[in-house]
Amino acid sequence: MGLKEEFEEYSEKAKTLPENTTNEDKLILYGLFKQATVGPVNTSRPGMFNLREKAKWDAWKAVEGKSSEEAMNDYITKVKQLQEAAATS
C-alpha cells in the first residue's frame with residue numbers, strides 16, 4: 001500500500017475516533033490533513049470573532065513547513081496514537 005492510500009485509509013479511520021477526542025488533537029489532525037492535501041496555508045487568517053475557524057487556521061499554519069508526505073506520515077501516526085489511546089481507556 002502506498003502512502004497516499006494509507007493516508008486515505010487513516011482519514012476514514014479518523015472519522016470514527018471517539019467523541020472524547022480533544023479539540024487539541026482534532027486541530028492537530030486538521031492542520032496535518034490540510035497540509036497533506038492542500039499544501040501551505042492559502043487563505044488569510046480569520047477575524048478574532050471567528051474563534052473556531054481561527055483555531056483551525058492556526059493549526060494548519062503551525063505545520064506549513066512540512067512536505068505533503070511528512071504531513072501524511074504525521075497524520076497517520078497521530079490517528080494510530082489516538083486509536084490506541086481510545087482502545088486502552
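- A distance of 5.5 Å separates NZ in K13 from CD in Q83, rounded to the nearest 0.5 Å.
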Please set out all donor-acceptor pairs under 3.5 angstrom arising from side-chain atoms of residues 1-8, sequence neighbours excluded.
| unit_1 | atom_1 | unit_2 | atom_2 | d |
| --- | --- | --- | --- | --- |
| K4 | NZ | E8 | OE2 | 3.4 |
| E5 | OE1 | G2 | N | 3.2 |

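- Every residue two or more places apart in sequence or in another chain that forms a salt bridge (charged side-chain N to carboxylate O under 4.0 Å, His left out) with E12 is listed here: K15.
- Y30 is not connected to L32 by any chain of hydrophobic side-chain contacts under 4.5 Å among Ile, Leu, Val, Met, Phe, Trp and Tyr, and they are in different clusters.
- Residues S11 and F33 approach most closely at OG-CE1, 3.6 Å, considering heavy atoms.
- The closest side-chain donor-acceptor pair between T22 and D25 falls under 3.5 angstrom.
- A distance of 5.5 Å separates CG in L82 from CG in L29, rounded to the nearest 0.5 Å.
- Residue N42 holds its CG atom at 11.0 Å from CD of E64, rounded to the nearest 0.5 Å.
- Separation of atoms CD (E53) and OG1 (T43) is listed at 9.0 Å; rounding is to 0.5 Å.
- Both I76 and V79 are members of a single hydrophobic cluster when ILVMFWY side chains are connected at heavy-atom separations under 4.5 Å.
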request  = Might you work through the side-chain contact (heavy atoms from CB on, under 4.5 Å) test for V38 and W60, ending with a clear yes or no?
outcome  = CA-CA 10 Å; V38 179; W60 184 8; 3.7 Å; yes
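- Of the possible polar contacts, one joining the E70 side chain to the S67 backbone as a donor-acceptor pair under 3.5 Å is found.
- Criterion: ILVMFWY side-chain heavy atoms under 4.5 Å apart, direct or through other members. Under it, V63 and V41 are not part of a common hydrophobic cluster.
- Here the NZ atom belonging to K34 is positioned 14.5 Å from the NZ atom belonging to K61, to the nearest 0.5 angstrom.
- Atom CD1 of I28 is separated from atom CD of Q81 by 9.0 Å, given to the nearest 0.5 angstrom.
- Follow the hydrophobic side-chain contacts under 4.5 Å out from L17 and you reach Y75 in the same cluster.
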